[in-house]
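Counting starts at 1 for both ligands and their atoms, following the listed order.
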Amino acid sequence: MPDSLIDLRSDTVTRPTPGMREAMATAEVGDDVYGEDPTVTALEAEVAALFGHEAALFAPSGSMANQIALQLVVPPAHELLCDADAHVVTYEIGAAAAYGGISSRTWPAVGADIDPDVVAAMVRPDGYFAVPTRAIAVEQTHNRGGGGVIPLATLRELRRVADEAQLALHCDGARIWHAHVADGVPLVEYGRLFDTMSVCLSKGLGAPVGSLVVGSAEKIERARFIRKRMGGGMRQVGVLAAAGRYALAHHVERLAEDHAKAARLAEAVAPFGVLATPARTNIVPLDLTKSPLDAHALAAAARDEGLLISVLGPRTARLVTHMDVDDAAVDRAVDILTRVLRR
Ligand SMILES: Cc1ncc(COP(=O)(O)O)c(C=O)c1O
């Protein structure tokens, strides 16, 4: 991708910084399938502690981390509840059904704006007649929900719903760091609420690869088995874990800068009536239903001017800020977007 292009498609497009590359180059490594990579072991302990859990497991992707976690909490022929826009049912290519034999049922797509009573009413009891519910999954922050942050009070209510029905609560926390920075909720406070979490080092934090499954020691022991079965056992992967440790040490608090950049972009497009919801974190969701441009036309026109954006649907698109777009690039993006939307 030429450096002259401004890439606002996703926060996954970042490249390792010189400091991160240095950490990777000097990482101590070993064979992690034998449990002998000290850098991976250190990362796993660090992430478990951040969320106040007993253990964590390094996985090659957010999708695999989610799917390992779902297999931990939902047995085959049982059910997961999540929202219709959740990453686990939108972008993970049927993995819960294919790998875990898991049935998924969704509440209507409302992003981070969840009504716990709606979720509670969906729970199906044990028995042989209907698929019994075993877990609820939420996404913090919510990707297709425009980077929205589920309020702590809602999560506590969902925990109550889960406890009353004896269900597990899973968090797809690919961008939980963004929620922590936006709402000031300590990571350990989030950790307390969930049985399992997946958290990602390569969305916004700038690591090239890597997610972790977080949970009890017993669950993570089983997670190691499931990861191996899915082909996710990795060898001298301390070079990647070192990038993750570096990201955690240097790139969490700076997410506030990405949120500020998203707010600037949101402010610039709002007068054109295309801002779907306020930008809470690093995602600016665009709703083009009232615009003369559909999403493909907007993306094509922006691309002609040197700006890449994501098309999510015929009339929905998204801008995502990250550490590889600086303030000057955001100024240029604002200029391009206002020119294109004014046409
Ligand atoms: C909310 C959320 N969860 C999970 C994932 C999956 O991560 P990966 O692309 O590493 O599989 C993504 C990817 O963008 C995501 O946005």
Side-chain angles (χ1 to χ4, degrees), residues 7-16 43 47 56-71 80 82-96 98-100 104 106 109-112 114 136-150 155 170-180 182 190 194 196-214 226-227 230-232 234 237 240-241 243-244 247 255 258 262 279-285 308-313 316-324:
D7 196 344
L8 296 183
R9 288 172 303 166
S10 175
D11 48 9
T12 57
V13 300
T14 54
R15 280 165 285 196
L43 172 69
V47 170
L57 183 77
F58 194 41
S61 71
S63 301
M64 191 186 287
N66 272 332
Q67 293 303 325
I68 291 170
L70 296 183
Q71 288 177 58
L80 171 76
C82 63
D83 80 274
D85 259 350
H87 195 281
V88 291
V89 290
T90 307
Y91 297 118
E92 297 182 16
I93 323 295
Y99 296 127
S104 299
T106 57
V110 286
I114 303 168
I136 300 167
V138 296
E139 193 171 305
Q140 182 79 308
T141 64
H142 201 293
N143 181 350
R144 287 181 65 89
V149 184
I150 307 167
L155 293 175
H170 169 70
C171 178
D172 175 350
R175 296 183 183 79
I176 194 136
W177 329 103
H178 300 73
H180 157 67
Y190 283 133
F194 299 107
T196 52
M197 308 178 77
S198 68
V199 300
C200 189
L201 305 166
S202 68
K203 288 163 198 86
L205 295 194
V209 169
S211 287
L212 292 103
V213 187
V214 179
I226 297 170
R227 182 186 67 177
M230 294 178 80
M234 300 179 285
V237 75
L240 296 176
L255 290 173
D258 294 344
R280 284 291 332 274
T281 55
N282 68 325
I283 298 179
V284 183
L308 303 181
I309 70 171
S310 262
V311 172
L312 299 186
T316 51
R318 170 185 95 164
L319 316 169
V320 187
T321 58
H322 51 78
M323 50 190 290
D324 284 8

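- Remark: ligand 1 and S63 share an N or O pair separated by less than 3.5 Å (distance only, no angle test).
- With a 4.0 Å cut-off on non-hydrogen atoms, V88 does not touch ligand 1 at all.
- Ligand 1 has an N or O atom lying under 3.5 Å from an N or O atom of R175, backbone or side chain.
- Side-chain contact between T141 and R280 is absent, with no heavy atoms from C-beta onward closer than 4.5 Å.
- Every atom of ligand 1 is numbered from 1 in the order shown, and the set under 4.0 Å from a heavy atom of S61 is 10 (O), 11 (O).
- Atom 6 (C) of ligand 1 has its closest protein heavy atom at H87 CE1, 3.3 Å.
- The shortest side-chain heavy-atom distance between I176 and C171 falls under the 4.5 Å cut-off.
- With no hydrogens or angles considered, a side-chain donor-acceptor pair links H170 and N66 at under 3.5 Å.
- Two residues are said to be in side-chain contact when any heavy atoms from C-beta on lie closer than 4.5 Å; V214 and V47 meet this criterion.
- No N or O atom of E139 sits closer than 3.5 Å to an N or O atom of ligand 1.
- Ranking the protein heavy atoms by distance from atom 7 (O) of ligand 1 puts K203 NZ, 2.9 Å first.
- Taking any N or O of T141, backbone or side chain, none lies under 3.5 Å from an N or O belonging to ligand 1.
- A distance of 7.5 Å separates OG of S61 from CD of E92, quoted to the nearest 0.5 Å.
- Between the CD1 atom in I68 and the OG atom in S63 there is a gap of 11.0 Å [rounded to 0.5 Å].
- Interatomic distance, OG of S202 versus CG of L240, reported as 10.0 Å (0.5 Å rounding).
- In terms of polar-atom proximity, D172 is counted as a contact of ligand 1, with an N or O under 3.5 Å from an N or O of the ligand.
- Ligand 1 has an N or O atom lying under 3.5 Å from an N or O atom of G62, backbone or side chain.
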